[in-house]
A.B. asks: 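Below are the structure tokens for one structure; questions will follow.
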Number of protein chains: 4
Amino acid sequence: MARPIEKRDTIVRSALEVFVEKGVDGTTIQDIANHANAAGGTLYRYFRSKEELAQSIFFENLSLFMSELKKAILKEKHTKQKLYAMVDKFYNFFENDKVLYSYLLLSEHNFAKKMTKNYQTPVDLIIEVINNGVAKKEIFSKDSVFAAAFVYGAVVRITYFKIYGRIHEDLSIYKNRVVEGCWAFLQNE
Amino acid sequence: MARPIEKRDTIVRSALEVFVEKGVDGTTIQDIANHANAAGGTLYRYFRSKEELAQSIFFENLSLFMSELKKAILKEKHTKQKLYAMVDKFYNFFENDKVLYSYLLLSEHNFAKKMTKNYQTPVDLIIEVINNGVAKKEIFSKDSVFAAAFVYGAVVRITYFKIYGRIHEDLSIYKNRVVEGCWAFLQNE
Amino acid sequence: MARPIEKRDTIVRSALEVFVEKGVDGTTIQDIANHANAAGGTLYRYFRSKEELAQSIFFENLSLFMSELKKAILKEKHTKQKLYAMVDKFYNFFENDKVLYSYLLLSEHNFAKKMTKNYQTPVDLIIEVINNGVAKKEIFSKDSVFAAAFVYGAVVRITYFKIYGRIHEDLSIYKNRVVEGCWAFLQNE
Amino acid sequence: MARPIEKRDTIVRSALEVFVEKGVDGTTIQDIANHANAAGGTLYRYFRSKEELAQSIFFENLSLFMSELKKAILKEKHTKQKLYAMVDKFYNFFENDKVLYSYLLLSEHNFAKKMTKNYQTPVDLIIEVINNGVAKKEIFSKDSVFAAAFVYGAVVRITYFKIYGRIHEDLSIYKNRVVEGCWAFLQNE
DNA sequence: TATGAATGAGAGTTCATTCAT
DNA sequence: GATGAATGAACTCTCATTCAT
């Protein structure tokens, strides 16, 4: 009977964008409100604090992305194809929503402390995939965590390079080469 | 006999440690002063502002690290050995001073904007090494920037894993495996 | 059959209760609305502002109480009986509606500034009664205002004690003793 | 070696004065700061919050006043003289520092909730004096708490009357009459 | 008539910075 | 050089009030 909710989504999206541009600490409520064409106070109808807003965006979207990753993995049988599927998801996510991707990937450090142990991250998923691959003797790593570090590092650093402007191509052209490089590494491990 | 540690040095080191623990924005002048057993105002005798202090620590030490990296590379002839030397420097740096390493590596994002184009970073160095390797036909990458992303990503992600507590071994044991993995990748590129 | 309790009344009663619990300044419109099962905006259909609501409750009820006091006094001839009638009204009021009583008596200080000079209070009535008593030579106070202070203080402090939990009996048992005490005082004055 | 503390006392006194004028909730930090010729932030060097400041002033001074009251009582032997000594202290306190007195006496209601049970108030002291008087058979009250309510109410209401402008004389002239009135009451009880 | 989403002024508080000592 | 008291701009957050529905 009252006014319909109109500003919530705008605020969330605006916050995301300003957070990525200036960092959470560097962003003021006014920054967000201005960007969202809303009043400062409106934010507090939906979130208890700026910090809660920041965390909410982070964890909700991380959760969504994790679901997609898992779904993609389940479709594949062979470890190499699972790897490819993950890289595909990462790069597609990046190209579809660079801002959200940047927020999730670049602020991992800020939220690391707040992640309860039982929160699953993409890194955990890669470790799992590698462990499965070893179990199925498709790869031969003695140390799956180390291997995951190598693979994850190689995969996501490409995206950082594009964020920082070192790379300009559509990331899809790198998918095969990255997976091949990782696969070569995993075979020798 | 040893020269007395100057207040300036104490402040710089304290700042570094608190910055890594709480982030630059999350650190107050008081935090630093307390940690350094100094008064808040003392900091301003040596630095114009908190931001200048943070940048000063970043750029001075990045510069030092770059010098070491370059020196190490010059000693080597073959690209693979240059790569190894760099990885060696990275992992030694990490093990010798985790706090400083964390500051330089994890806050790269924060200072990225402030880095003037002519500032050289480790990434630039890796690109250079790869380009040289291609020129000397020791490796065959069509896209040295992409190749550098892969290599750099793989190399440093191991250190992140140790920072985040996923890995506990001394990083020296990974040097060979990382370099071999990167080398395999670079051969195929 | 009973007429439906109007929203306005619910709001007024809710406001009263929350005002007494948290103080007017400490009470938010939301507090009142929640307590009244109404929306915040509804309040503004009946009152221009929170302050107006608070004053309205205060002055309306003070006025009602004053009428009752006056009516009770008119019924009595002798000063002592008038006094008794007043004490009776006070203590009955207290026992019948502690919340409203507390609001009127404990927030007298807050509204004192807003009371226009021509507003009559229970204190004024007591002064009047005493003055009449002196005129009729039933008591012999040289200073009726001082005497009223003594009497009023003694009478109402009992109610404060009960509000603060120092006394637990029904106040009716104190009526006689209070009046006797006051009367003794008034005789000697 | 640094600047000497200069503003603390001014802030405390200014806060007291503005609190009495506008109430704690009605007083802003700016009000206090302006009144004290200080910057808003300075307050926070000495108090964690406005509320802490308000409580600190209240409890510290209540404590001081209680000490004085106790000292005064100890000097006297007979209950009537103890009563007189207390009234004397009350009225002297009032005349010497009306603002502080008003703060302590008129905001008793606000701090009542925060008073831990073991906090002793003037009311407790009066109850004690009356109990002692009964024990020594100098008075014959069956209910010392009720008697204390009567006495305390009569005594302090005079001060309220002066605060509210109903009385203008120096309170010292009322001391005897108040005590006599209370004594008469206590004899009959 | 009632709702509650939205507003925005203004509150309390923090903290980088200054400067008298 | 060093101190830390004082400053005040800027921040986060609250809440009385408005108004589209």
Side-chain angles (χ1 to χ4, degrees), chain A residues 1-8 10-11 25-33 36-53, chain B residues 6-8 11 24-34 36-53, chain C residues 6-8 11 24-34 36-53, chain D residues 1-8 10-11 25-33 36-53:
Chain A
M1 209 171 290
R3 237 181 280 194
I5 296 179
E6 273 177 353
K7 302 275 181 176
R8 203 200 121 105
T10 328
I11 285 172
D25 283 341
T27 297
T28 70
I29 299 293
Q30 265 316 306
D31 288 337
I32 299 170
N37 263 107
T42 305
L43 193 151
Y44 292 88
R45 285 196 65 72
Y46 304 107
F47 301 93
R48 252 196 268 280
S49 67
K50 185 176 76 165
E51 209 53 40
E52 195 199 277
L53 169 59
Chain B
E6 295 297 338
K7 207 117 223 179
R8 198 197 120 104
I11 286 172
V24 171
D25 283 338
T27 297
T28 70
I29 298 288
Q30 265 315 305
D31 288 337
I32 300 170
N34 292 341
N37 266 107
T42 306
L43 194 148
Y44 289 85
R45 199 151 283 289
Y46 304 108
F47 301 93
R48 248 201 273 277
S49 68
K50 185 175 78 164
E51 210 52 39
E52 193 199 280
L53 169 58
Chain C
E6 294 297 336
K7 207 117 226 181
R8 198 197 118 105
I11 287 172
V24 172
D25 283 339
T27 296
T28 69
I29 298 288
Q30 265 316 304
D31 288 337
I32 300 170
N34 292 340
N37 267 108
T42 305
L43 194 148
Y44 289 86
R45 200 150 282 287
Y46 303 107
F47 301 93
R48 248 202 273 279
S49 68
K50 186 176 77 164
E51 211 52 38
E52 192 200 281
L53 169 59
Chain D
M1 210 172 290
R3 237 180 279 193
I5 295 177
E6 273 178 351
K7 303 275 179 174
R8 204 200 120 104
T10 327
I11 285 172
D25 283 340
T27 297
T28 70
I29 299 293
Q30 265 317 305
D31 288 338
I32 300 170
N37 262 107
T42 305
L43 194 151
Y44 292 88
R45 285 196 64 72
Y46 305 108
F47 301 93
R48 252 195 269 281
S49 66
K50 185 177 77 165
E51 209 52 39
E52 194 199 278
L53 169 58

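Proteins get letters first, then strands, A, B, ... in listed order; numbering begins at 1 in each.
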A.B. asks: For Glu51(A), enumerate each residue passing the side chain to side chain contact (heavy atoms under 4.5 Å, CB included) test, keeping only those at least two apart in sequence or located in another chain.
C.D. replies: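 Once residues adjacent in sequence are excluded, the partners of Glu51(A) under the side chain to side chain contact (heavy atoms under 4.5 Å, CB included) criterion are Val24(A), Ser49(A), Gln55(A), Lys114(A).
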A.B. asks: Measure the distance from CG on Asp31(A) to P on dC11(F) and round it to the nearest whole Å.
C.D. replies: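 Value for this atom pair: 8 Å.
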A.B. asks: For residues 41-48 of chain B, please give each side-chain donor-acceptor pair under 3.5 Å, one per line with the distance, not counting sequence neighbours.
C.D. replies:
{"residue": "Thr42(B)", "atom": "OG1", "partner": "Ala39(B)", "partner atom": "O", "Å": "3.3"}

A.B. asks: Please find the pair of heavy atoms, one from Ile29(C) and one from Lys50(C), that lie closest to each other, and give the distance.
C.D. replies: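 Closest approach of Ile29(C) to Lys50(C): CD1-CB, 3.9 Å.
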A.B. asks: With no hydrogens and no angle check, is any side-chain donor or acceptor of Asn34(C) less than 3.5 Å from a backbone partner on Gln30(C)?
C.D. replies: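 Here the side-chain-to-backbone pair exists.
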A.B. asks: Using Watson-Crick and G-U wobble pairs with both distances under 3.5 Å, what is the 5'-to-3' dot-bracket string of DNA chain E, with [ ] for crossing pairs and | for pairs outside the strand?
C.D. replies: .||||||||||||||||||||
A.B. asks: Let me have a per-nucleotide readout for nucleotides 5-12 of chain E, 5' to 3', with B, S or -, counting only protein heavy atoms under 4.0 Å.
C.D. replies: BBBB--SS
A.B. asks: Could you state the atom-to-atom distance from CZ of Phe47(D) to P of dT14(E) in whole Å?
C.D. replies: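 Rounded to the whole Å, the gap is 15 Å.
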A.B. asks: With Ala36(A), which residues qualify under side chain to side chain contact (heavy atoms under 4.5 Å, CB included), at least two apart?
C.D. replies: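 Thr10(A), Ile11(A), Ser14(A), Ala38(A).
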